[in-house]
Amino acid sequence: MKILFGLTPGLCLLLGACAGPLDRSWDDRTYRSLQDRFADSDRRLSENAAENANDRPPLGIEELDALTVDDAIRVAINNTPRLRRAGYQVDVAAGRVTQAGLYPNPSFSFDAEALGSDAGSGGETIYRLEQEIILGGKLGRARDVADADRMVARAEFVAEEYAVASRVTRSYFAAVAARERLANRQDLIALADRLLEAATAQVDAGAATEPDRLRAEVVKEQAEIELEAARLEEDASMRRLASAMGLDHVADLPLTTVADDLPEFPNQEDIATRVIESNTRMEVARIGIERARRAHKLAKAEAIPNLVASLGPRYSDIDNETTVDLGIGIEIPLFDRNQGGIQSALAERLSAAADLRAIQLELLAEVSEAWSSYEAARIAATRYREQLLPKAERTLDLTRQAYERGKADYLRLLDAQQVVVESRIAYVDALQRLQEAAALLRELTQHNAPWREPRDGDQPTDEVNR
């Protein structure tokens with residue numbers, strides 16, 4: 001299998017996204033300083049990002065009156081330590097690129113013989129400047145290896161950005177669903193109260209038996225238990241959302257992104273193609289192949305010994321003369337020709353190729369599982385919205401009409417209302433599963449990043465300057 005490596009369009013997008021339109025000006029200048037060490041093409045993107053940052057400052061939670069899912073992601077990107085750590089890893093890798101290309105320092109030595117001799121004259125005084133001369137292009141090849149590590153760090157930065165967005169999205173819609181379930185549970189407890197009152201009245205009037213009232217009491221107790229669980233889950237979901245956003249306190253804001261805005265995706269085959277082309281795990285694996293190739297070239301170069309040259313004056317007190325010493329030394333590669341290093345580097349190349357294939361298969365399996373969850377949740381949510389909920393609402397409407405005409409009793413009306421509320425809860429559960437599956441698919445494809453766009457209501461740059 002022949003594997004060619006190049007800066008694919010997907011990789012270019014990834015590298016651009018690292019310095020893309022997001023302002024990541026954190027609490028110090030360390031991360032921003034590494035932008036100056038990027039390549040020229042990436043530096044232009046960084047300058048555009050800096051211009052955008054000046055016109056659109058980082059979004060803080062205190063600036064918001066309501067919270068959309070994209071705003072939650074923007075806040076998380078400015079606050080989460082995970083992304084900050086990934087950014088500093090880019091800085092670490094950039095420093096190693098610089099260090100790998102540095103030439104060894106020269107050394108200076110001074111030797112003097114018979115200092116303090118009783119004869120009144122010493123021996124020889126030697127000044128020597130020594131320099132190791134790197135042969136075989138080892139410095140350039142070591143820098144190439146370090147640069148591949150830098151590319152990996154930057155790709156992993158983008159991967160962490162999408163991972164943050166996915167975590168926030170799942171937490172956001174879990175909080176939305178928890179609030180909806182709490183509201184519906186409160187409706188159920190009100191229905192249970194009315195059911196118990198009606199059952200008690202009928203028992204007192206002799207129109208029902210004691211078991212009917214006991215059944216109503218059981219229904220109310222169950223509703224109270226479920227209501228308390230819903231309250232606890234709503235509180236926990238808001239805390240999880242705050243944690244995903246990098247906050248140490250709960251943001252008590254309305255969650256305005258509706259969960260029933262169903263996300264749309266192409267078919268599974270198109271998603272799989274996008275994942276293989278643009279997912280950062282594939283890019284990291286491709287960079288790993290190139291890194292292994294560069295490391296193999298470095299291992300071959302390391303078999304070439306370096307020269308050690310020395311130069312300096314020698315003064316003889318006995319002969320009263322000054323001469324110049326010139327020395328050149330080189331290691332004879334008789335036993336150690338870096339055979340093991342070359343063999344190991346070759347094996348790393350083969351391993352990197354196998355790793356690319358393994359990651360491809362893993363991603364295809366993840367796409368298949370995420371697509372299955374997405375389709376199942378989409379079908380369920382669609383059927384609830386288009387069939388089950390309208391039928392439950394229609395049943396309630398007909399039961400209410402029958403009750404008003406005296407054709408149905410109050411207990412039957414309450415039962416129809418309970419079915420409607422429980423169907424709404426099931427619909428909320430399906431929507432949550434759908435949004436979670438969609439978030440995973442977006443994380444896998446790494447294709448859409450709406451949180452990078454200006455917020456609704458933000459003025460364009462020219463209007464602001466005007």
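Among R286, E366, Q360, the one residue that satisfies the side chain to side chain contact (heavy atoms under 4.5 Å, CB included) test with R281 is E366. Tested against E234 for a side chain to side chain donor-acceptor pair (under 3.5 Å), the candidates R181, R179, R185 yield a single pass: R179.
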- Dump the intermediate steps for side chain to side chain donor-acceptor pair (under 3.5 Å) on Q432 and E436, then the final yes or no. CA-CA 6 Å; Q432 181 181 351; E436 289 176 349; 3.1 Å; yes
Practice prompt. Give the C-alpha distance, both sets of side-chain angles, the deciding distance and a yes or no for salt bridge (Lys or Arg N to Asp or Glu O under 4.0 Å) between E160 and R167.
Written response: CA-CA 10 Å; E160 186 58 40; R167 283 192 296 270; 2.8 Å; yes
List the steps, then state whether side chain to side chain donor-acceptor pair (under 3.5 Å) holds for E130 with S310.
CA-CA 4 Å; E130 189 173 85; S310 61; 4.9 Å; no
Side chain to side chain donor-acceptor pair (under 3.5 Å) assessment of T280 paired with Q446: CA-CA 8 Å; T280 48; Q446 298 181 351; 3.1 Å; yes
**OP:** Test side chain to side chain donor-acceptor pair (under 3.5 Å) on N338 and K300 and set out the steps.
**Re:** CA-CA 7 Å; N338 202 31; K300 290 181 178 179; over 6 Å; no
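Ring orientation note: the planes of Y374 and F265 are nearly perpendicular, at an angle over 60° on the 30°/60° scale.
S368 places no side-chain N or O within 3.5 Å of a backbone atom of L364 that could act as its donor or acceptor partner. Of the possible donor and acceptor atoms, one in the side chain of N279 sits under 3.5 Å from a partner among the backbone N and O of L444. S237 contributes no side-chain N or O that, together with a main-chain N or O of V176, makes up a donor-acceptor pair within less than 3.5 Å.
Atom CG of D144 is separated from atom NZ of K297 by 7.0 Å, given to the nearest 0.5 angstrom. The distance from atom CG of D325 to atom OH of Y127, rounded to the nearest 0.5 Å, is 13.0 Å. Of the inter-residue distances, the one linking R337 atom CZ with I304 atom CD1 reads 13.5 Å to the nearest 0.5 angstrom. Distance check, rounded to the nearest 0.5 Å: CG of L388 to OG1 of T382 gives 11.0 Å. Rounded to the nearest 0.5 angstrom, M238 CE and D235 CG are separated by 9.0 Å.
Heavy atoms from other residues, nucleotides or ligands lying under 6.0 Å from CD of E375 number more than 12. Heavy atoms from other residues, nucleotides or ligands lying under 6.0 Å from CD of Q131 number more than 12.
The closest side-chain heavy-atom distance from L67 to M245 is below 4.5 Å.
R291 has a carboxylate O that lies under 4.0 Å from a charged side-chain N of D149, or vice versa, which qualifies the two as a salt bridge.
Between the side chains of R84 and T80, not a single donor N or O lies within less than 3.5 Å of an accepting N or O.
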